[in-house]
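All figures in this text were calculated on a predicted structure; none of them were measured in a lab. Residue numbers count from 1 along this sequence. When reading the values below, keep in mind they use all heavy atoms of this one structure, side chains included, and skip hydrogens, waters and symmetry mates.
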Amino acid sequence: MSLILDCAEAQFAEKGYNGVTLNEVAQEAKVDASLMRYYFGDKQQLFRAVFTRRGPALNRLRLQAMYDCRAAAGDEPPDLEGIITAFTRPAFELMAQDQGWRNYCAIIAYVNSSRGYLHQLMSETFNAVSHELLADMRRIFPGTPEEEIFWAYHFLTGAFTFSLGQTGRVDTLSDGLCRSDDVMSIADRLPTTIAAGVTALCAPASGRQQGKQSAAE
């Protein structure tokens, strides 16, 4: 069964959900199409099996990294760049080690920009970790309106998941100077960039909110 999932994962990463058929996956895995339907029923269930297979392992690494970042801060709020690193870097490290993880993370990027059933899978698999990050952002920027916290998360996760997609866009623009498959260069730079943007958005909002509270008192 793992062979079928590996082949399906590679196909979905390359062609997206709509570009893949069960017969194509069966042919690639060298199994009978009836066996595919016996195990997975239809393409939707096959995609679900692919998407949920690696998610828990990635979540464990991210949660542990976030726990370590909080522990290092002691009683203080965690460092913003550090917590963003904990949230994002494990995926890039896995991608650097294994083509299967590169395929899986490309699928994450695809799903995060999709609607309907695929978007539901994103929520089911990754919402728990996202809520941990949101809680840390509230601790780092106390008093910041919820609207700004969620917008900050929106921009953060958008940049993160786009980077998982390995689209080749930066390769073309930079004439090969930068490569979207150079995942560790992305891992080193993304937290610094995103932390600056989040701070610019949330810190002034936090200050304004605290000022309102002081005036009311």
Side-chain angles (χ1 to χ4, degrees), residues 55 58-96 105 108-115 119 122-167 169-170 173-174 177-180 182-217:
L58 176 56
N59 285 341
R60 283 193 295 272
L61 291 174
R62 297 164 80 194
L63 289 170
Q64 182 62 54
M66 295 170 79
Y67 172 83
D68 292 343
C69 184
R70 295 183 197 116
D75 294 332
E76 298 298 317
D79 173 71
L80 177 61
E81 188 171 329
I83 210 68
I84 294 174
T85 297
F87 184 78
T88 60
R89 191 177 185 91
F92 295 120
E93 291 180 339
L94 290 169
M95 291 169 72
C105 287
I108 292 176
Y110 173 77
V111 170
N112 200 45
S113 62
S114 301
R115 302 178 184 181
H119 179 73
M122 192 76 184
S123 296
E124 290 176 6
T125 307
F126 294 114
N127 268 12
V129 180
S130 295
H131 282 299
E132 291 285 332
L133 176 63
L134 287 163
D136 284 326
M137 292 169 66
R138 293 184 185 101
R139 289 188 64 206
I140 295 167
F141 300 106
T144 298
E146 283 289 280
E147 178 183 15
E148 303 302 340
I149 294 292
F150 281 107
W151 278 124
Y153 172 82
H154 173 78
F155 299 130
L156 186 165
T157 194
F160 172 45
T161 57
F162 179 80
S163 297
L164 297 180
Q166 310 148 78
T167 65
R169 176 65 171 155
V170 72
L173 289 171
S174 69
L177 180 64
C178 301
R179 303 192 325 275
S180 63
D182 184 4
V183 292
M184 295 316 298
S185 289
I186 298 172
D188 290 339
R189 291 166 172 80
L190 182 66
T192 302
T193 304
I194 297 301
V198 170
T199 299
L201 180 63
C202 291
S206 177
R208 288 195 299 271
Q209 189 71 13
Q210 290 174 352
K212 291 179 182 178
Q213 291 173 350
S214 298
E217 293 171 356

Is there a side chain to side chain contact (heavy atoms under 4.5 Å, CB included) between Thr88 and Arg62 once you walk through the steps?
CA-CA 7 Å; Thr88 60; Arg62 297 164 80 194; over 6 Å; no
Once you round to the nearest 0.5 Å, how far does CZ of Phe87 lie from CG of Asp136?
10.5 Å
Glu148 versus Leu201, closest heavy-atom pair with distance
OE1-CD1, 3.3 Å
Please report the closest heavy-atom contact between Ala73 and Pro78, naming both atoms and the distance.
CB-CA, 3.8 Å
Any chance you could measure Ile140, atom CD1, to Asp79, atom CG, to the nearest 0.5 Å?
7.0 Å
Under the salt bridge (charged side-chain N to carboxylate O under 4.0 Å, His left out) test, which residues partner Asp182, sequence neighbours left out?
none
Using a 4.5 Å cut-off on heavy atoms from C-beta on, say whether the side chain of Asp188 contacts that of Arg89.
yes
Anything under 3.5 Å between a donor and an acceptor, one on a side chain of residues 190-200, the other on a protein residue two or more places apart or in another chain? List them.
residue, atom, partner, partner atom, Å
Thr192, OG1, Glu81, OE2, 2.8
Thr193, OG1, Arg189, O, 3.1
Thr199, OG1, Ala195, O, 2.8

Working for side chain to side chain contact (heavy atoms under 4.5 Å, CB included), residues Met184 and Glu93:
CA-CA 7 Å; Met184 295 316 298; Glu93 291 180 339; 3.9 Å; yes
For Gln166, what residues pass the side chain to side chain contact (heavy atoms under 4.5 Å, CB included) criterion, not counting sequence neighbours?
Met95, Arg102, Ala106, Ser180
Walk me through whether Met122 and Ile108 qualify under side chain to side chain contact (heavy atoms under 4.5 Å, CB included).
CA-CA 8 Å; Met122 192 76 184; Ile108 292 176; 3.7 Å; yes
Drop me the distance from Leu133's CG to Phe126's CZ, to the nearest 0.5 angstrom.
14.0 Å
Is there a side-chain contact between Thr125 and Val111 (heavy atoms, below 4.5 Å)?
no
To the nearest 0.5 Å, how far apart are CG in Asn112 and OG1 in Thr157?
5.0 Å
Report the distance from atom CG of Leu164 to atom CZ of Phe162, rounding to the nearest 0.5 Å.
10.5 Å
In terms of heavy-atom contacts, Ala159 and Ser163 come closest through O-OG, 2.9 Å
Tell me, please, which residues at least two apart from Leu134 pass side chain to side chain contact (heavy atoms under 4.5 Å, CB included).
His131, Arg138, Ile149, Phe150, Tyr153
Take the angle between the ring planes of Trp151 and His154 and call it parallel below 30°, perpendicular above 60°, tilted in between.
perpendicular
Where is the tightest heavy-atom contact between Ser174 and Cys178, given as atom of each residue plus distance?
OG-N, 2.9 Å
What distance do Thr167 atom OG1 and Tyr110 atom OH have between them, rounded to the nearest 0.5 Å?
15.5 Å
Going by the rule side chain to side chain contact (heavy atoms under 4.5 Å, CB included), which residues pair with Ala86 if we only count those two or more places apart in sequence or in a different chain?
Ala65, Met66
Mind jotting down which residue pairs meet the ring-ring contact (aromatic ring centres under 6.0 Å, His included) criterion with at least one end in residues 59-86? Sequence neighbours excluded, please.
none
